[in-house]
Amino acid sequence: MGTISSLMGRLNRTPTPDCPAIVVTSFGFTVGPAFVAWQAVAEIWGCKAVHPSDDATFLEFSCNGQNVRVGAEQAGFEQFEPVMIAVFPTTASWRQPAVRSVFEGYRTLLFRRA
């Protein structure tokens with residue numbers, strides 16, 4: 001019963017509006033009103049969420065007491081990813097484990113400021 005209820009809940013969710021584009025700046029990036037400075041990033045997590053129609057891979061940035069998510073399918077991600085990898089080289093292979101995971105809510109730590 002719990003599995004069916006969970007599945008029905010997922011199917012009945014209303015779609016969320018398109019996410020704002022990721023814009024890379026000299027000092028970090030913006031997503032809508034949120035600005036993330038490269039020097040303020042405390043952690044970066046690679047994540048995967050499983051949805052009935054597809055699997056979403058995304059990155060979660062922790063900085064200044066807030067978490068900002070950016071999705072691999074989000075506008076601006078193609079320009080954002082190479083800059084992120086240049087700033088944080090440990091994030092270079094973030095996609096492989098996330099894409100291969102079959103688990104809902106998969107998360108892996110890619111970077112933690114010492």
Side-chain angles (χ1 to χ4, degrees):
M1 184 74 156
T3 303
I4 293 172
S5 296
S6 175
L7 179 59
M8 292 306 291
R10 284 186 191 176
L11 292 173
N12 290 328
R13 283 186 197 143
T14 56
T16 58
D18 291 338
C19 295
I22 305 163
V23 179
V24 178
T25 71
S26 306
F27 302 104
F29 66 96
T30 62
V31 179
F35 172 72
V36 176
W38 298 127
Q39 66 186 19
V41 173
E43 293 180 341
I44 303 172
W45 293 84
C47 307
K48 178 179 180 179
V50 179
H51 300 290
S53 61
D54 67 343
D55 295 343
T57 54
F58 58 93
L59 296 160
E60 185 175 280
F61 290 79
S62 298
C63 66
N64 299 327
Q66 67 176 351
N67 292 330
V68 176
R69 285 185 173 187
V70 294
E73 300 299 321
Q74 201 165 339
F77 192 84
E78 289 179 11
Q79 295 78 29
F80 164 80
E81 187 176 29
V83 176
M84 175 197 67
I85 291 170
V87 175
F88 304 103
T90 59
T91 64
S93 61
W94 76 275
R95 286 181 191 253
Q96 289 85 7
V99 169
R100 290 182 187 153
S101 174
V102 295
F103 299 108
E104 171 74 29
Y106 171 83
R107 289 184 72 188
T108 186
L109 182 64
L110 303 171
F111 170 82
R112 178 173 283 152
R113 191 166 305 279

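Heavy-atom basis, side chains included; hydrogens, waters and symmetry copies ignored.
Residues Leu59 and Met84 meet the side-chain proximity criterion, which asks for heavy atoms closer than 4.5 Å.
Arg113 CZ to Ser62 OG: the interatomic distance, rounded to the nearest 0.5 Å, is 12.0 Å.
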Taking it one step at a time, do Arg95 and Glu81 satisfy side chain to side chain contact (heavy atoms under 4.5 Å, CB included)? CA-CA 11 Å; Arg95 286 181 191 253; Glu81 187 176 29; 3.1 Å; yes
Please report the C-alpha distance between Glu60 and Glu43 in whole Å, then the side-chain angles of each, then the deciding distance to 0.1 Å, and finally whether the side chain to side chain contact (heavy atoms under 4.5 Å, CB included) criterion is met. CA-CA 8 Å; Glu60 185 175 280; Glu43 293 180 341; over 6 Å; no
In sequence, state the C-alpha distance, the side-chain angles, and the governing distance for Phe35 and Phe29, and then conclude on ring-ring contact (aromatic ring centres under 6.0 Å, His included). CA-CA 6 Å; Phe35 172 72; Phe29 66 96; 7.8 Å; no
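Between the side chain of Arg69 and the backbone N or O of Phe61, no donor-acceptor pair lies under 3.5 Å. Side chain of Thr90 to main chain of Leu110: a donor-acceptor pair is present (N/O by atom type, distance under 3.5 Å, no hydrogens or angles). Looking at Thr25, its side chain does come within 3.5 Å of a backbone N or O of Gly28 through a donor-acceptor pair. Looking only at distances, a side-chain donor or acceptor of Gln74 sits under 3.5 Å from a matching main-chain atom of Pro20.
For the residue pair Ala34 and Val68, the shortest heavy atom distance occurs at CB-CG2, 4.1 Å. Nearest approach of Glu78 to Pro82, heavy atoms of both residues: O-CD, 3.1 Å.
Connection of Val23 to Val31 is not established within any shared hydrophobic cluster, with ILVMFWY side chains joined at heavy-atom distances below 4.5 Å, either directly or through further cluster members. If you chain together hydrophobic residues whose side chains sit under 4.5 Å apart, Phe77 and Phe58 never meet in one group. Residues Val41 and Trp45 fall into different hydrophobic clusters, defined by Ile, Leu, Val, Met, Phe, Trp and Tyr side chains chained together at heavy-atom separations under 4.5 Å. Trp38 and Ile44 fall within a single hydrophobic cluster, where Ile, Leu, Val, Met, Phe, Trp and Tyr side chains are chained together by heavy-atom contacts under 4.5 Å. Residues Phe27 and Val87 do not share a hydrophobic cluster, defined by chaining ILVMFWY side chains whose heavy atoms lie under 4.5 Å apart.
In Gln66, the CD atom is crowded: over 12 heavy atoms of neighbouring residues, nucleotides or ligands sit closer than 6.0 Å.
Just one of Phe111, Phe80, Trp94 meets the ring-ring contact (aromatic ring centres under 6.0 Å, His included) condition when paired with Phe88; it is Phe111.
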